[in-house]
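Quick note on labels: first sequence line is chain A, next is B, and so on, each numbered from 1.
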Protein chains: 2
Amino acid sequence: MALGKDYATQQCSIARALEIVGERWTLLVVRDALYGVRRYNDFLVHLGIPRAVLAARLQTLTAEGILEKRRYQQSPPRDEYVLTDRGIALWPTLRALGLWGREHYTDARLRSFRHADCGTELGAYGECPACGGVVPVGDVVMWPGPGLDRDPADPVSRVLLKPKRLLEPLETESV
Amino acid sequence: MALGKDYATQQCSIARALEIVGERWTLLVVRDALYGVRRYNDFLVHLGIPRAVLAARLQTLTAEGILEKRRYQQSPPRDEYVLTDRGIALWPTLRALGLWGREHYTDARLRSFRHADCGTELGAYGECPACGGVVPVGDVVMWPGPGLDRDPADPVSRVLLKPKRLLEPLETESV
DNA sequence: CAGGTCAGTTCATTGACTGAACCGTAAGGA
DNA sequence: TCCTTACGGTTCAGTCAATGAACTGACCTG
């Protein structure tokens, strides 16, 4: 990861994981991918990330098998970046991180995550308290919370103001 | 976090969390703290982190209320850094990250985490499959796995070759 | 007093991130 | 046909963080 040096001396799967997803922006790209963002331009406007960094991250994530580059249009040639199973497997990590951030640093409720089948808000480990099992990522619906800006500048944030199933591609991609 | 810029445009508790623990080395410092490391020099040799960076991280983590600086000896004045509740609350995140790294990138089994009361290996969410509840961090015992180097260079790693309850201070601190 | 330990700070160098500009392909419109 | 726009990048100069080695200062031990 960053600065030519990996965590070489570490014999630890946390360190290994951080070598791959520990760079600046990387986990936010994965988060957006979970939210359904798939296209370069949508990542760009939603994250406010420098273009060069985005290109580098997408390439690394693709090389690591976390995203998959997929042609969705021949002419002009356009690719989208879709999460692989390995990428989807980062959901518990992001969930835990988001919960921690919400608990300790975010005042307002920004989003909630609910079980699509029954509408119950997920528990701390992504399980459904009502149905009593871990909810697959594709069955999680993200709801906007009261703390969210009602009139964001970028189109991607605007689309995300509506309840949205995770992994489902954004509609009106690149409005 | 890194490079003067925070994730300012992000309305997201994941982004907020990453502003605090997303910098290089930070999560590894927290991990070591969970393992029982408390002293500057022990972090230093175990992580192989540059001294200046370690000092900066310890200061930030203390300022953020994740670590607490505590004088344990008057003369010469010596402080140790102990996890607060806020820091301990990062355990699920690190657990998820480690599990992901192990699943996807680590070949050998490096460590396992078991419930102190019954010896059962923890489930994916830090629960005990036998006792059927989430195990408090202080009741988790870390066991070395077969993939671990049997003869590491630094004394901290050597201490960690024995089963070790999380949060419990390292014995033979600074051998 | 010499030597060692611990917990830092200082500093020159390296290298990653940033922001702005530029580029190539292709579509759409006049 | 020419002009413009959209998309998905690449290039580049400037900035800022990480690195590693050296240094500091307080204190203990022999």
Side-chain angles (χ1 to χ4, degrees), chain A residues 1-9 18-29 37-62 67 69-82 154-156 170 172-175, chain B residues 1-9 18-29 37-62 67 69-82 154-156 170 172-175:
Chain A
M1 76 169 285
L3 286 177
K5 259 207 63 169
D6 43 340
Y7 299 119
T9 66
L18 286 173
E19 285 180 13
I20 295 160
V21 297
E23 287 176 305
R24 185 153 158 74
W25 294 111
T26 302
L27 278 178
L28 291 184
V29 170
V37 177
R38 294 185 168 190
R39 301 190 186 175
Y40 183 91
N41 216 52
D42 289 338
F43 285 111
L44 202 65
V45 301
H46 189 229
L47 290 172
I49 180 178
R51 308 174 79 86
V53 178
L54 177 58
R57 293 296 179 275
L58 290 175
Q59 199 167 17
T60 307
L61 287 171
T62 305
L67 294 177
K69 195 170 181 171
R70 185 190 290 171
R71 172 114 346 152
Y72 68 90
Q73 169 183 301
Q74 287 304 332
S75 167
R78 290 284 180 268
D79 301 308
E80 58 185 9
Y81 297 87
V82 187
D154 70 287
V156 176
L170 246 56
T172 178
E173 303 251 9
S174 322
V175 186
Chain B
M1 74 168 288
L3 286 177
K5 257 209 62 168
D6 43 339
Y7 298 119
T9 66
L18 285 174
E19 285 181 12
I20 295 160
V21 297
E23 286 176 305
R24 185 154 159 73
W25 293 111
T26 302
L27 277 178
L28 291 184
V29 171
V37 176
R38 294 186 170 192
R39 302 192 185 174
Y40 183 90
N41 217 51
D42 288 339
F43 284 111
L44 202 66
V45 300
H46 189 230
L47 290 172
I49 182 179
R51 308 176 79 87
V53 178
L54 177 58
R57 293 297 179 273
L58 290 174
Q59 199 169 16
T60 306
L61 287 170
T62 305
L67 294 178
K69 193 170 181 172
R70 185 188 291 170
R71 172 117 341 159
Y72 68 89
Q73 170 183 301
Q74 286 304 333
S75 165
R78 290 283 180 269
D79 301 308
E80 57 185 9
Y81 297 88
V82 187
D154 71 285
V156 176
L170 246 57
T172 177
E173 302 251 9
S174 322
V175 185

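Here the P atom of nucleotide C:dA7 and the CG atom of B:D42 are 8 Å apart, to the nearest Å. Whole-Å rounding puts the B:L44 CG to D:dG20 P distance at 11 Å. In this structure, the CG atom of B:N41 is 16 Å from the C1' atom of D:dC28, given to the nearest Å. When the P atom of D:dA26 is taken as reference, atom CD of B:Q74 falls 17 Å away, rounded to whole Å. Note: CG (A:D79) to P (C:dT25) measures 16 Å, nearest angstrom. For the pair B:L58 CG and C:dT9 P, the computed distance is 10 Å after rounding to whole Å. Rounded to an integer number of Å, the gap from CG of A:L47 to P of C:dC17 is 14 Å. For A:R38 and D:dC7, the CZ to P distance is 17 Å, given to the nearest whole Å.
Minimum atom distance to the side chain of B:V53 is reached by D:dA18, of the listed D:dC7, D:dA18, D:dC27. Listed nucleotides: C:dG8, D:dG9, D:dA18. Nearest to the side chain of B:A55: C:dG8. If you check C:dC6, D:dG8, D:dG9 against the side chain of A:R39, the one that comes closest is D:dG8. Of all nucleotides listed (C:dT18, D:dT19, D:dC28), D:dT19 comes nearest to the side chain of B:P50. For B:Y40, counting side-chain heavy atoms from C-beta on, the closest listed nucleotide (D:dA18, D:dC28, C:dG8) is C:dG8.
In this structure, A:R24 reaches the C:dT18 phosphate: one of its side-chain N or O atoms is under 4.0 Å from OP1 or OP2. Under 4.0 angstrom from either OP1 or OP2 of D:dG8 there lies at least one side-chain N or O belonging to A:Y72. Applying the 4.0 Å criterion to OP1 and OP2 of C:dA16, one finds that A:W25 has every side-chain N and O outside that range. OP1 or OP2 of C:dG8 sits under 4.0 Å from a side-chain N or O of B:Y81.
Looking only at side-chain heavy atoms (C-beta outward), B:T60 and B:T26 stay at 4.5 Å or farther from each other.
Each of A:R78 and A:A52 was assigned the nucleotide of DNA chain D with the nearest heavy atom; the assignment lying further toward the 5' end belongs to A:R78.
Residues B:Y72 and B:E80 come closest through the heavy atom pair CD2-N, 3.6 Å.
The cationic group of B:R51 does not satisfy the cation-pi geometry with B:Y40, failing either the under 6.0 Å distance to the six-membered ring centre or the 45° limit from the ring axis.
The base of D:dG8 is paired with the side chain of A:R51 by a donor and an acceptor separated by under 3.5 Å.
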Are B:L44 and B:I49 close enough, and set up right, to give a side-chain contact (heavy atoms from CB on, under 4.5 Å), and what steps lead you there? CA-CA 6 Å; B:L44 202 66; B:I49 182 179; 4.2 Å; yes
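Partner of A:D79 under the salt bridge (Lys or Arg N to Asp or Glu O under 4.0 Å) criterion, out of A:R70, A:R71, A:R39: A:R71 alone.
Using a 4.0 Å heavy-atom cutoff across all strands shown, B:A56 reaches no nucleic acid atom at all.
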